[in-house]
Each structure stands twice: as structure tokens, then as C-alpha cells.
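What follows is a single structure, written as C-alpha cells, with notes after it.
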Amino acid sequence: MTTAHRQVELRFNAVDIDRKWQERWERDGIYRVSDDDPRPKWFEMTMYPYPSGDLHIGHWYAMAPSDAHARFRRMQGYNVLHPIGFDAFGLPAENAAISRGTHPYEWTMSNVENMRRQLRSIGAIYDWDREVVCCLPEYYRWNQWFFIKLYEKGLAYRARAPVVWCPSCQTVLANEQVLNGVCERCDTPITRRDFEQWFFKITDYADELLDFASLEDWPEKILAMQRNWIGRSAGVEIGFDISDYNIEEREIRTFTTRIDTIFGVTFLALAPEHPLVEKLTAEHRRAEVQAYIDQARAASEIDRLSAEREKTGVFIGAYARNRLNNESLPIYIADYVLTTYGTGAVMGVPAHDQRDYDFARKYRLPVRTVIAPIDWDGREPAEAYLGPGFMTNSGAYEGMTDEEGMAAIANDVERRGWGRRAVTYRLRDWLISRQRYWGTPIPMVYCEDCGVQPVPEADLPVLLPEDAEFRPTGESPLAINDLFVNTVCPNCGGPGRRETDTMDTFMDSSWYMLRYCTPQYGDGPYEPKIASQWMPVQQYTGGAEHAVMHLLYSRFFIKSLRDMGLLQIDEPFLRLFNQGVILGSDHEKMSKSRGNVVNPDDVIEQVGADAVRCFLMFIGPWDQGGPWSDEGINGIVRWLNRLWVMVEHDPAPLDDRPTDPAAVRDTQRILHRTIRKCYDDLDKFKFNTTIAALMELVNHLSKVWNDQSVDSATWRECVDKFLLMLAPIAPHVAEELWEQTGHGYSVHQQPFPAWDEELTAEDELTLVVQVNGRLRDRISVPASLDEAEAKMRALDSQRVQTHIDGKTVRKVVYVPGRLVNVVVG
RNA sequence: GCCGAAGUGGCGGAAUGGUAGACGCGCCGGUCUCAAAAACCGGUGGGAGAAUAUCCCGUGUCAGUUCGAGUCUGACCUUCGGUACCA
């Protein structure tokens with residue numbers, strides 16, 4: 001740390017202690033997890049890191065508290081699986097290859113090596129025998145295996161689609177990887193390209209993914225984000241007649257959630273990419289229409305998606321007929337209509353949709369109110385009316401409420417075959433292809449005669465060739481590797497060409513929790529019996545940024561495995577906790593340019609792992625994040641010093657002095673209350689108040705030591721139980737002091753202390769006395785006091801009498817053990 | 001705009017509808033010291049007051065429910081996060 005403040009020094013050599021115990025734990029394998037253990041299982045995971053090369057303080061903020069929680073579960077008697085691994089495929093490795101000439105494998109594995117060392121320095125209970133590194137063939141071969149299973153099940157398909165393209169990463173992206181029109185990785189505005197790509201049919205699961213009933217405890221925020229992302233809309237798909245034109249199609253289909261406004265349609269608008277545009281555009285309009293399409297294509301996604309932008313469009317010189325009232329409607333193309341949503345065509349209802357209203361105003365199209373608000377004056381509105389009302393200008397449906405009209409029209413439309421009720425989702429299928437090298441090769445072969453053929457299971461894995469040229473060409477580097485590309489067709493034995501795209505890395509993270517169960521298993525992605533013992537993950541922790549990517553994909557993945565009979569669970573993660581973001585001491589996001597980055601390696605060099613662990617947990621509620629503070633960590637260092645000194649006291653001489661029974665009772669009560677508090681708070685990830693309670697205990701014990709007021713047995717009990725409570729949060733210091741106080745190894749194989757409810761009870765308590773709800777006195781009373789006596793004592797209080805002062809006492813409220821409120825008036 | 005979370009001392013933050021500010025940082029005073037640091041002891045929301053007497057004010061704003069509201073209800077304001085031409 002380079003700041004100017006004074007650094008409090010530790011009284012013990014934390015670095016040596018960290019090393020000593022980390023080596024010992026490793027040597028003895030005390031964190032090795034057995035699959036057949038009679039204790040109840042607890043599977044708790046934190047999102048595995050990307051091996052960027054350096055573990056930063058944000059990683060610590062994710063890992064250290066989750067480790068403390070997992071350790072607490074261990075001490076509660078669970079067989080805890082709290083594994084770690086590396087999300088080792090992905091673009092940064094390849095970009096490093098392009099800029100520095102290092103092979104992605106070398107770059108990644110040397111980063112993994114360094115981060116293993118850094119992760120060990122946290123002192124977590126990771127069982128390194130279960131580590132998962134998903135860029136290794138023994139991992140990714142199962143990506144390929146799953147891919148083929150999904151393909152056989154019809155859940156993986158290849159299609160030509162206007163897909164999202166990042167011109168900088170030179171690859172397609174999934175919709176989920178686009179944020180406000182820019183690539184989530186490099187912030188480059190995205191464009192669209194028509195490509196043949198592989199997709200997973202996540203949309204088949206849209207409805208089930210909206211059902212969160214079997215989840216036990218997920219943050220509402222994540223559920224809301226997934227709900228919005230899936231974007232389920234129920235409505236009606238309805239056709240508008242174009243049978244006058246001499247083309248194959250008889251109608252233009254549109255989707256609407258407001259079929260009740262069908263009589264208010266005054267135009268149709270198609271997405272510029274809509275396939276009917278070409279066929280319907282009148283000759284005299286063709287030049288203008290083409291110009292508009294070209295312009296729309298050239299516009300960046302950001303511009304097209306901006307809601308503030310003026311609505312534009314072009315009349316294509318054709319008309320469609322509204323079958324409900326036989327009106328003829330002009331057909332426009334407009335870039336506010338998205339080709340990717342619904343049918344790519346909308347029925348324009350200016351009176352009841354703001355976008356349609358804006359468009360109609362600009363092109364002087366009629367605005368016809370068909371849902372009348374209760375106080376409607378019959379005039380044309382100044383903006384679209386979206387509220388409830390009565391049907392008007394609506395033929396046979398006149399006078400119905402909008403709700404009644406919606407049902408009646410939907411029924412009639414269905415009966416006459418003009419359309420049908422339909423549900424549309426915002427969710428698109430998961431685009432899995434990437435035109436990059438550093439990922440899992442998609443195990444497919446193209447044959448002139450047999451078409452697309454999956455690679456047979458026995459031939460897996462399709463190895464990623466070591467030699468590749470890294471040039472940002474927009475084509476997968478694998479495509480220029482003839483040795484890789486040219487193969488034989490698994491079906492006919494003739495010449496075949498391999499698929500050269502690789503898989504999105506979210507494939508890896510969709511099932512890594514399963515691999516942790518049996519990481520060395522060779523006959524399948526996981527050993528089914530053991531995996532079903534461990535799964536589902538009972539507690540998952542990680543950042544909220546994965547809400548609609550990893551967390552949605554892995555839910556889909558598990559459900560599809562279930563439907564293929566490979567698993568019997570519905571959800572991968574039962575409980576989810578999102579930790580917040582650790583900020584710099586200036587309360588800003590950490591960044592090199594701000595100079596507020598904290599390097600954990602430097603800090604543990606000075607104060608040890610436990611001080612960092614404790615400080616990160618002490619800052620505030622884990623889900624809220626908070627600012628790092630170089631001064632703040634001094635408080636923790638002081639505390640560690642004080643508890644160290646306290647534990648080292650030899651209590652034997654205490655017995656040479658008379659003890660104070662009241663102090664002994666107080667001390668026991670405080671100890672047992674602390675145990676109860678820590679137990680409850682650790683359970684709920686409330687680490688800050690856990691540590692505060694332990695600090696209070698230390699403060700009390702220091703005072704007791706100064707007074708020499710308790711016997712040695714009481715003292716020893718307090719110290720022992722304190723160390724057990726300290727163990728999950730400061731494992732090294734707790735282990736060292738556990739040894740120094742003459743206990744057997746290891747503190748981490750002890751149960752969490754239990755509290756005695758009777759000992760937590762006060763025998764004397766402070767009763768608060770209020771007059772009209774305002775605090776006026778505190779009186780000390782025996783805990784056994786009954787209501788009548790409590791009220792009497794309260795009214796006897798001199799201070800209370802002053803405030804009653806002749807007024808009438810109307811009521812006396814008594815809250816047992818807490819307060820008396822005298823109501824006067 | 002919509003969705004989610006949050007607004008409490010100088011700072012990070014505590015408070016099953018019942019003593020607002022636990023715990024820690026910082027600051028102030030003291031002990032120790034030649035001196036400083038560290039350590040230890042004490043104090044520390046604001047105001048009036050000689051006061052460790054007593055009183056008043058105080059949890060974003062305004063209402064409400066209640067004997068009693070940081071906590072519950074309604075309306076707003078602000079900040080942060082997410083998302084957005086989704087028909």
C-alpha cells in the first residue's frame with residue numbers, strides 16, 4: 001500500500017502462519033471431499049474465475065466470504081463440496097495471441113498456474129483434486145458430446161439468420177452479449193450479418209424458464225431480469241388480406257397484444273428486411289423503397305434502437321385489407337419495426353400506440369380512437385391512449401369494455417380462420433457459433449452427399465489443433481487449417497469438411513457444476529449416481545452480471561438434460577446470492593486509470609490473508625459491496641492483535657483470586673448470545689454483524705481480564721468457543737491459536753459451538769419508560785417482573801411523574817421485557 | 001419510460017413496529033515516553049446549558065396507520081444497478 005496513512009503492525013507473523021497452515025492442510029488433505037460420506041451433503045459454489053492472469057481484490061470479495069459460509073456449513077456437520085475451477089476458453093487468450101504471439105494455450109495455462117497460487121493464498125477449503133479447467137480436452141470433449149445429444153434431440157440446429165456481429169472481435173455474438181447496441185466485451189457497436197450458424201433451441205423452454213417455483217431463494221432482481229429478458233407477451237397473430245396481388249402469399253401476418261384495437265388500424269408497417277417487401281413494392285415506389293432499405297442497413301444498431309429517434313418509413317405502394325371492416329390499409333416499411341420480434345410486421349394503431357401515433361402524425365395517416373376513455377370528449381387525442389375504456393368505432397363490438405372486446409374479437413378471428421391466439425417471446429434461440437479459435441470445436445462434418453453429420457461419439461474429442469494462425473479475418477482460424485478441415489464423412493466415408501466454428505464459452509459454464517462432482521470421470525461428462533447425489537447446487541454465489549447469460553443458459557441446459565433422461569433435476573442452482581461490487585477507497589469503481597486498484601498480493605504480504613478476509617466481510621452487507629479502505633483494515637489488524645494477546649493469556653492464575661459471580665454470569669450470557677448471533681448471521685451471509693459480535697465478545701473478555709473477575713474454566717470456555725467461531729472467517733489465525741491453546745489439530749474439523757438458550761437470558765433488565773411514546777426513564781428491574789408490577793414501577797418514576805404532571809393517564813402499554821408506555825392526554 | 005435496490009453521524013455501517021447510531025474508521029482528551037509512534041483508558045449525532053442535571057431537534061421529503069415508525073401504507077425527491085422502438 002502506498003498511501004500516506006500509518007500502518008498498524010501485526011504482533012505476529014501472519015505470512016508465516018498462512019504458509020504454515022496452508023501447507024499443512026494441503027499435506028493432510030483435510031479439505032478433500034469424499035463422495036461417500038454419511039453426513040448430509042452441502043454443495044456450495046462460487047462462479048469460477050476467468051484466468052485473466054491476476055487475482056484481483058474483486059475475486060477475493062467473491063471468494064473469501066463464500067468460503068467462510070462454506071466453512072460454516074462444514075462446522076455445522078455437512079459434507080461440503082466447495083470447488084473451484086477456471087473458465088479457461090475465451091477471447092482474451094486469442095487476443096493475446098494476436099498482439100503478443102503467445103499461443104492461447106500457453107497464455108491461459110500460465111495464467112491458471114499463477115491464479116492457482118493466488119487462490120491458495122485465500123486459505124479456502126477448495127479440494128484441488130476436483131479442479132475443472134475447461135480448455136482441456138478431457139473437459140471440452142463433453143461439450144461436444146452434449147452438443148451431439150442436443151442435435152439428436154432436435155435442440156441444436158443450423159440456420160441462416162441475421163445475426164449480431166462484432167466488427168472488432170470478428171465474430172458473431174449471442175443476443176445476450178449485446179449491451180445497448182455494443183459488444184459486451186469490447187464496447188464496439190455491433191452490426192448485423194446474414195450467416196449460417198448453430199443455435200440451441202432455448203426458446204422451447206421459454207415458459208418453463210419463467211417458472212421459478214422450484215428455486216428456493218434467488219434475488220428478486222435476477223428473477224426480474226430473466227423475466228424481462230424472456231419477455232413473454234400473449235396476444236393474437238392476425239392476417240391482413242393481400243389476395244389481390246398475384247403472389248403466393250395470401251396475407252400479411254402481424255402480432256398484437258391489443259386485438260381490441262383492430263378497428264383502429266390505419267396502416268401496416270413492415271420491417272425493411274421483411275420478405276414480402278420485395279414482392280409487394282409497386283414499380284413506381286421501388287427506387288425510394290430500396291434507398292430506404294439501404295439506409296436502414298447502414299445505420300448502426302444503436303441508432304436504429306434509439307426510441308428518441310424520429311420514426312421514419314416509406315410507403316411501398318401497396319395495400320392490405322383489414323378483414324374485420326374491409327378497410328384498405330396502406331403498407332409502409334419502417335425501421336422501428338424489428339424483423340427479429342413477432343412476425344416482423346405490425347398493424348399500426350395510432351390512437352392506442354405511441355410509436356404508431358408518432359409515425360401516423362409524420363405521414364399524415366388517420367388517427368381513429370376505438371377505445372374511449374370514460375371521460376372522452378370525442379376529439380382526436382394529443383397522444384396515444386393506452387388505458388382502459390369502451391369499444392367505439394368498432395362494429396359489432398361497440399360498447400364492450402376493452403377486455404370484453406379483446407376476448408370476443410380473438411374468438412371471432414379464430415373461428416373465421418383469420419388468425420389465432422399466440423404467445424411471442426423476446427427471447428431468441430441461443431446462438432452458439434463463434435468464428436474464433438480458442439473454444440470447443442463444434443463436432444460436425446459436412447459431406448457433399450450426406451449433408452450435415454455429427455462426429456461419432458467414439459471419435460470424440462475433436463481436438464483443437466495446436467497450430468493455428470491468429471489473424472482477425474472474420475473467419476475462424478480453423479478454416480485455414482487444411483489438416484483440420486479435411487476429414488472423412490462419418491456416414492459414407494467419402495470426403496468431408498469439418499465445421500470450423502467453435503462454441504460460445506457459455507457452453508462450458510452451463511454444466512461445470514456437474515463436472516465438479518466427478519472431475520476425472522472418463523466414461524461420460526459425469527458419473528450419474530454421484531452427480532445425482534451432489535446435485536442440485538444448494539448455494540451458488542457470484543456477480544449479477546450473469547443474470548441473463550450464464551444463469552439462464554445453465555437453467556436451460558439442465559432442463560434439456562433432464563428431458564434427455566440424463567438427469568432428474570429441474571434446476572441447477574437452488575439458492576443464489578449476488579455479492580456486491582468492491583469499490584476503491586474513493587468510492588469509485590476500481591480502475592488502473594483512477595489509481596485506486598488494490599492488489600491483494602501486496603496486502604496479504606503485509607497483514608496476512610485473514611485480515612483481508614475479515615476486512616472484506618466487515619465492510620458492510622455482502623450483497624451491497626462497498627469501498628476498500630486502507631485505514632479501515634487497520635481496525636481489523638488491531639482486532640487481530642488484541643484477540644491474539646487475549647488468547648495468549650495464561651488463565652491459571654485467575655483461580656488464585658476470588659471470582660465475581662455476577663461477572664461470570666455476565667460473561668456466560670455474552671458468550672452464549674454471541675454464539676447464537678454468529679450462528680444466525682453466518683447462515684444468512686451477514687458477515688459484517690458476525691464480526692461485530694465477535695469484536696464485542698473480545699471487548700468484553702478484555703475487560704474481564706483487566707478485572708480478573710472470572711475463574712479459569714470460564715475463561716477457557718470463552719476462548720475456545722471464540723476460536724471456533726473465528727475459524728470460518730479467519731482460518732489461519734484460528735488454527736494457530738487453537739494449537740497454541742493446547743488443542744488437537746484441527747480447529748477446522750470441530751463442530752460449530754452450540755449455545756444454551758437459558759444462559760442467554762438476562763436476570764436483570766433495563767425497562768424503558770415512555771410517556772406518549774417519548775423516552776423519559778430507564779429503570780433496572782428483575783427479569784421475572786410481572787406486568788402489574790412493571791407498570792407500577794414505571795408510574796413511580798420521578799421523571800415520569802414530572803411529565804404526567806396532573807394530566808390524566810389514559811392507558812399504560814406494557815411490552816414484556818422491553819418497555820412501558822404511559823399514554824396521557 | 002419500465003424493472004430492481006438503496007437513502008441513517010465526518011466515513012463504512014447497526015437496529016424481530018419498542019432505548020436510533022451496535023461494531024469499526026476518523027477525531028478529541030488522558031496514561032506511558034526525553035519525544036514520537038504503537039499500546040492502553042475515557043469521550044465523540046446536532047442544539048440550549050456551568051453541568052456527567054434537564055430539555056429540544058434528529059434516519060431523503062410530505063402525508064397516513066399506531067400507545068409508539070429508520071422499520072408498515074400512500075404520494076413524491078435523489079442515487080445506484082439493469083433494461084428499453086418488443087407491437
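Quantities reported herein were computed from a predicted structural model and do not represent experimental measurements. Numbered from 1 within each chain, the chains take letters A, B, ... in sequence-line order.
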Whole angstrom is fine here: how far is it from [atom1] in [X] over to [atom2] in [N]?
| X | N | atom1 | atom2 | result |
| --- | --- | --- | --- | --- |
| A:E9 | B:A37 | CD | P | 15 Å |
| A:K686 | B:C23 | NZ | C1' | 14 Å |
| A:N772 | B:U66 | CG | P | 15 Å |
| A:L643 | B:A39 | CG | C1' | 15 Å |
| A:R810 | B:C67 | CZ | P | 13 Å |
| A:F615 | B:G13 | CZ | P | 10 Å |
| A:R232 | B:U83 | CZ | P | 23 Å |
| A:M406 | B:A87 | CE | P | 12 Å |

Just call it for [X]: base, sugar-phosphate, or nothing, with non-hydrogen atoms closer than 4.0 Å on any strand.
| X | result |
| --- | --- |
| A:D623 | nothing |
| A:T257 | sugar-phosphate |
| A:N688 | sugar-phosphate |
| A:R776 | sugar-phosphate |
| A:V346 | base |
| A:I619 | sugar-phosphate |

Which value, in whole Å, describes the distance between the [atom1] atoms of nucleotides [N] and [M]?
| N | M | atom1 | answer |
| --- | --- | --- | --- |
| B:G21 | B:G70 | P | 12 Å |
| B:A63 | B:C56 | C1' | 24 Å |
| B:G7 | B:U73 | P | 15 Å |
| B:C11 | B:G46 | P | 12 Å |
| B:G58 | B:C3 | P | 33 Å |
| B:G45 | B:A20 | P | 14 Å |
| B:C23 | B:A15 | P | 13 Å |
| B:U52 | B:C62 | C1' | 39 Å |

As a test of reading the structure: which of [options] is closest to the side chain of [X], going by heavy atoms?
| X | options | value |
| --- | --- | --- |
| A:M695 | B:C11, B:C86, B:G24 | B:G24 |
| A:H587 | B:G12, B:A87, B:G4 | B:G12 |
| A:Q770 | B:A87, B:G13, B:G18 | B:G18 |
| A:N228 | B:U83, B:G13, B:C3 | B:C3 |
| A:P621 | B:G13, B:C3, B:G26 | B:G13 |
| A:R774 | B:C57, B:U83, B:C55 | B:C57 |
| A:D353 | B:C55, B:A14, B:A87 | B:A87 |
| A:R642 | B:C40, B:G18, B:A38 | B:C40 |
| A:A692 | B:A22, B:A84, B:C85 | B:A22 |
| A:R355 | B:C23, B:A87, B:A38 | B:A87 |

4.5 Å side-chain heavy-atom contact, [X] and [Y]:
| X | Y | value |
| --- | --- | --- |
| A:I619 | A:I582 | yes |
| A:M725 | A:Y679 | no |
| A:L795 | A:I804 | yes |

Check this for me: does any side-chain nitrogen of one of [X] and [Y] sit under 4.0 Å from a carboxylate oxygen of the other?
| X | Y | value |
| --- | --- | --- |
| A:R361 | A:E383 | no |
| A:D358 | A:R355 | no |
| A:E251 | A:R323 | yes |

Range-with-range stems of RNA chain B (Watson-Crick or G-U pairs under 3.5 Å, three or more in a row):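 The stems that RNA chain B takes part in, listed by first number, are B:1-7 with B:77-83, B:10-12 with B:23-25, B:26-31 with B:39-44, B:45-48 with B:54-57, B:60-64 with B:72-76.
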Ignoring hydrogens and angles, state whether a donor on the side chain of [X] or [Y] is under 3.5 Å from an acceptor on the partner side chain.
| X | Y | value |
| --- | --- | --- |
| A:D630 | A:W628 | yes |
| A:T541 | A:Q579 | no |
| A:R426 | A:N228 | no |
| A:T339 | A:H274 | no |
| A:Y425 | A:S233 | no |
| A:N578 | A:D623 | no |
| A:Y336 | A:D356 | yes |
| A:W755 | A:E757 | yes |

Output one line per pair: protein atom, nucleotide atom from nucleotides 50-54 of chain B, and distance, for all N/O pairs under 3.5 Å.
| from | atom 1 | to | atom 2 | distance (Å) |
| --- | --- | --- | --- | --- |
| B:U54 | OP1 | A:R799 | NE | 2.8 |
| B:U54 | OP1 | A:R799 | NH2 | 2.7 |

base_contact_polar (B:U83 base, A:R227 side chain, donor-acceptor, <3.5 Å): no
Counting only distance, no hydrogens or angles, is the base of B:C85 paired donor-acceptor with the side chain of A:K311 under 3.5 Å? yes
Within the pair [X] and [N], is there a side-chain N or O less than 4.0 Å away from OP1 or OP2?
| X | N | answer |
| --- | --- | --- |
| A:K703 | B:G42 | no |
| A:R426 | B:U83 | no |
| A:K221 | B:A5 | no |

Inter-residue atom distance A:I333.CD1 - A:L276.CG, 0.5 Å rounding: 12.5 Å
So which of residues 670-681 of chain A are in contact with RNA chain B, with a heavy-atom cut-off of under 4.0 Å?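 Nothing qualifies; none.
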Would B:G49 be called syn or anti here, given the cut-off of 90° from 0?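 Anti, since the glycosidic angle lies more than 90° from 0.
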Let me spell it out: for each of A:G635 and A:E220, pick the nucleotide of RNA chain B with the closest heavy atom. Which residue's pick is nearer the 5' end?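 Final value for this comparison: A:E220.
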Using heavy-atom distances to pick each residue's nearest nucleotide on RNA chain B, tell me which of A:S233 and A:G625 is more 5'.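 Comparing both residues, the 5'-ward one is A:G625.
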Where do A:L10 and A:Q606 come nearest, in terms of heavy atoms and distance? CD1-O, 4.2 Å
